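Report on the following structure.
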Amino acid sequence: MNIFRLAGDLTHLASVLVLLLKIHTIKSCAGISLKTQELYAIVFATRYLDLFTTYISLYNTLMKLIFLGSSFSIVWYIRKHKIVRRSYDKDQDTFRHYFIVLPCFVLALIIHEKFTVREVLWAFSLYLEAVAILPQLVLLQRTRNIDNLTGQYVFLLGAYRALYILNWIYRYFTEPHFVHWITWISGLVQTLLYADFFYYYFQSMKNNGKLQLPA
Amino acid sequence: VKEASTKDEL
């Protein structure tokens with residue numbers, strides 16, 4: 001465990017807790033893409049399969065439980081909660097996320113570390129995580145300006161992945177045989193997807209106006 | 001030496 005990874009995990013934890021808190025307190029999910037939340041639930045479900053078989057550390061198990069619990073409860077809130085669901089803008093959140101899931105699954109069948117169920121699902125979850133933010137970014141483009149909680153959510157998610165890249169660089173130089181192209185490339189692609197969002201996010205911080213994304 | 005994996009990451 002190094003500082004980059006711990007900071008990355010805590011930033012990731014903060015992103016889901018910020019989101020859960022927002023939905024729970026103001027009982028609204030305006031501006032939040034349900035599709036992205038569903039994709040994240042799938043990412044965690046397919047990656048944390050080993051939760052009950054291999055024990056790595058209390059920290060690891062605890063964080064996996066929190067991520068699984070929070071992502072599924074966010075999906076439940078948006079789909080089922082009688083008040084929250086009314087604020088879900090389903091005719092704006094129209095990104096056909098099956099166009100994301102299937103290519104990731106096919107890619108995982110082609111590129112993986114070992115051809116076993118767990119390894120293929122693990123690769124699938126990495127590819128899916130890289131693109132899971134797309135429906136949310138499309139929704140932000142559509143709804144133009146966003147309230148700053150959603151902006152913070154996307155910002156924290158991007159920061160978590162950027163910190164993980166620093167973690168991989170650190171581990172590459174400190175641990176022998178630490179070469180994992182699948183993880184690195186999908187993590188890099190994911191971070192690049194956030195790059196333009198970061199640009200507009202910092203722009204809006206500078207002139208501290210509402211975050212306006214270009215059409 | 002055991003292959004250092006990213007599987008111990010979240």
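Not measured: the values here are computed from a predicted model. Chain A is the first sequence line, chain B the second, and so forth, proteins listed ahead of strands; every chain is numbered from 1.
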Taking C-beta and beyond as the side chain, do A:Tyr88 and A:Arg79 meet within less than 4.5 Å on heavy atoms? no
So for A:Glu119, is it side chain, backbone, both, or neither that comes closer than 4.5 Å to the heavy atoms of chain B? side chain
Is there a side-chain contact between A:Phe105 and A:Leu109 (heavy atoms, below 4.5 Å)? yes
Which atoms of A:Phe44 come close to chain B, meaning under 4.5 Å heavy atom to heavy atom: side chain ones, backbone ones, both, or neither? neither
For A:Gly187 and A:Ile165, which heavy atoms make the closest approach, and how far apart are they? O-CD1, 4.0 Å
Is A:Asp9 close to chain B through its backbone or its side chain, or both, or neither, when contacts mean heavy atoms under 4.5 Å? side chain
Can you find a heavy atom in the side chain of A:Asn2 that is under 4.5 Å from one in the side chain of A:Arg171? yes
Residue selection (most heavy-atom pairs with chain B, distance under 4.5 Å) from A:Tyr48, A:Phe67, A:Trp184: A:Tyr48
